[in-house]
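We number each residue from 1, following the sequence as shown. Atoms within a ligand are numbered from 1 in the order they appear, just like the ligands themselves.
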Amino acid sequence: MVKQKKILITGVNGLVGYRLSEYLREMTSWSVIGTSRKKGPMVDCIADLTKKVDVERIKKSIQPDVIIHTAAIVGANECDKYPEICYTTNVDATANLCEIFSNSYFIYFSTCAVYDTPTGRCNELCETSASNYYVQTKLEAEEYVKKMNNHVILRPSVIFGFVDHHKNNNYFMQLLEIIRSKRVMYSPRDQFFNPIYVDTVVDILVKIIESDVQGIYNIGSTEVISKYEFNSLLMEIFDLDRNYIEGVTSEFFSVKRPQMGTISSEKIQRDLPYHIPTLIEMFERLHSTSKEKIEAYLISS
Ligand SMILES: NC(=O)c1ccc[n+]([C@@H]2O[C@H](COP(=O)([O-])OP(=O)(O)OC[C@H]3O[C@@H](n4cnc5c(N)ncnc54)[C@H](OP(=O)(O)O)[C@@H]3O)[C@@H](O)[C@H]2O)c1
């Protein structure tokens, strides 16, 4: 019998926080408290984590065994545009949580973009460097998390999934938004990655909570794929018009991104243990859970 746990999830209006919160509430007997800055179906407690007083207020309602910290300003573009908000959200908020919940098991969402090597396929021992401001804030936040007695730092590849409850900017939603507004998605043929489906991330999180592992873990698909190929496959599975996608090279974009942004997820598979499904299996799961919702989304204005 799995021990009863108290779980605090930050960023429950976001892609990962929402799906995780929904799953844990439906499928486990764990007590779940969700927090975000705005109201939402999974939000129990509205709080701005950059404000210590808000984090202290959360502590009055829950003394969590586990914190899953997903709240962040996500992406290089957002962080270049709003550097101050990016810093307070990604670094100060993480520092506040680490200080106020110093005895909890802390699971932190960093990013695999911390690796910027010409060869890719990085494991957790690869050198890290900040290729942009977003990554810099994630690396700084990792330092606070590393000081916690019980912690896991996840370095995910791109996480994809469908969310219909509010505007969300994840990779897949950007693709759908472009198709919906009848524009063309320019996708690099020369940038490679290991995208992972949000529900697979949720499965991994459940296993982590159950197993109490510690340390840094990459999470991504075990297959390496170019962004162009990935988008093309998704469009094929959802029977979408391929005229909305065009393959380009990296020079087309102003924001610098690693061409070989690939990782090895061997360690998490070995330590949990857990077998990461294939990309086709992840697509089929996305298709079976979201096909109707995606069709409705594409014809909405
Ligand atoms: N999605 C990816 O492809 C990807 C890849 C690698 C790593 N990651 C990391 O994984 C984590 C989860 O990603 P995601 O895609 O689920 O992010 P997301 O959809 O952008 O959700 C993040 C949530 O954080 C909340 N938030 C922002 N500022 C806050 C603040 N000051 N106080 C409290 N909540 C705040 C926002 O909700 P409110 O507006 O309601 O507050 C937002 O919904 C992030 O840490 C991200 O850096 C994501």
Side-chain angles (χ1 to χ4, degrees), residues 8-22 33-55 57-58 67-79 82 84-97 106-115 132-142 145 152-175 193-202 204-205 216-221 227 230 257-258 261-263 265:
L8 173 66
I9 308 173
T10 72
V12 288
N13 281 332
L15 175 67
V16 177
Y18 185 89
R19 289 297 287 167
L20 176 67
S21 188
E22 194 174 40
I33 295 273
T35 174
S36 237
R37 277 172 311 180
K38 302 185 198 101
K39 279 187 190 165
M42 299 293 148
V43 180
D44 303 293
C45 180
I46 291 183
D48 177 349
L49 303 172
T50 64
K51 297 184 179 139
K52 237 185 200 179
V53 50
D54 279 20
V55 182
R57 183 166 46 77
I58 300 173
I67 297 182
I68 301 160
H69 180 34
T70 78
I73 301 296
V74 184
N77 293 340
E78 278 298 289
C79 283
Y82 308 108
E84 219 167 287
I85 299 174
C86 175
Y87 191 89
T88 52
T89 309
N90 293 358
V91 182
D92 293 344
T94 306
N96 289 342
L97 288 164
F106 199 96
I107 302 173
Y108 174 63
F109 270 80
S110 181
T111 168
C112 79
V114 297
Y115 309 116
N132 57 52
Y133 193 60
Y134 166 62
V135 176
Q136 187 183 319
T137 61
K138 285 289 180 181
L139 281 169
E140 263 190 60
E142 280 192 8
V145 180
V152 167
I153 292 172
L154 295 173
R155 291 178 175 164
S157 184
V158 163
I159 303 167
F160 63 93
F162 180 77
V163 270
D164 56 358
H165 63 278
H166 82 148
K167 191 176 174 316
N168 183 281
N169 219 15
N170 87 70
Y171 192 88
F172 182 53
M173 296 309 289
Q174 282 176 33
L175 175 65
F193 66 159
N194 305 83
I196 185 162
Y197 178 42
V198 64
D199 288 6
T200 305
V201 174
V202 168
I204 291 173
L205 284 166
I216 298 176
Y217 288 101
N218 295 340
I219 48 170
S221 63
K227 291 186 177 167
F230 174 76
R257 290 205 169 82
T262 57
I263 50 171
S265 301

*Report yes or no: does Phe160 have a heavy atom closer than 4.0 Å to ligand 1?*
no

_Geometry only, no angles: is Leu15 polar-contacting ligand 1 at N/O separations under 3.5 Å?_
yes

*asked:* Is there a polar contact between ligand 1 and Ala71, counting only N or O atoms under 3.5 Å apart?
replied: no

_Holding to disulfide (SG to SG under 2.5 Å), I want the full list of residues that pass it with Cys112, two or more places apart in sequence or in another chain._
none

_Below 4.0 Å from ligand 1: does a non-hydrogen atom of Ser110 turn up there or not?_
yes

*Looking at ligand 1, does Gly40 have a heavy atom less than 4.0 Å from it?*
no

*For a side chain to side chain donor-acceptor pair (under 3.5 Å) with Ser110, tell me which candidate from Glu142, His69, Arg155 qualifies.*
Glu142

*Between Asn132 and Tyr134, is any side-chain donor less than 3.5 angstrom from a side-chain acceptor?*
no

*Hey, is ligand 1 close enough to Lys138 that some N/O pair sits below 3.5 Å?*
yes

*Sub-3.5 Å N/O-N/O distance, Asn13 and ligand 1*: yes

*Using the ring of each side chain (for Trp, its six-membered ring), is Phe172 parallel, tilted or perpendicular to Phe162, with breaks at 30° and 60°?*
perpendicular

*Taking non-hydrogen atoms only, is Tyr134 closer than 4.0 angstrom to ligand 1 via side chain, backbone, both or neither?*
side chain

*asked:* Just to be sure I'm reading this right: ignoring hydrogens, which of Cys86, Gly11, Pro195 gets closest to atom 23 (C) of ligand 1? Compare them by their nearest heavy atoms.
replied: Gly11

*Report the residues that fulfil side-chain contact (heavy atoms from CB on, under 4.5 Å) with Asp48, sequence neighbours left out, ordered by chain and then residue number.*
Arg37, Thr50, Lys51, Asp54

*Nearest heavy atom to atom 22 (C) of ligand 1: which of Pro156, Ala47, Ala72 does it belong to?*
Ala72

*asked:* Looking at ligand 1, is there an atom of it that comes within less than 4.0 Å of some heavy atom belonging to Thr10?
replied: no

*Should Thr89 be counted as touching ligand 1, given the test is an N or O pair under 3.5 Å?*
no

*asked:* If the contact criterion is a heavy-atom separation under 4.0 Å, does Ala93 count as touching ligand 1?
replied: no

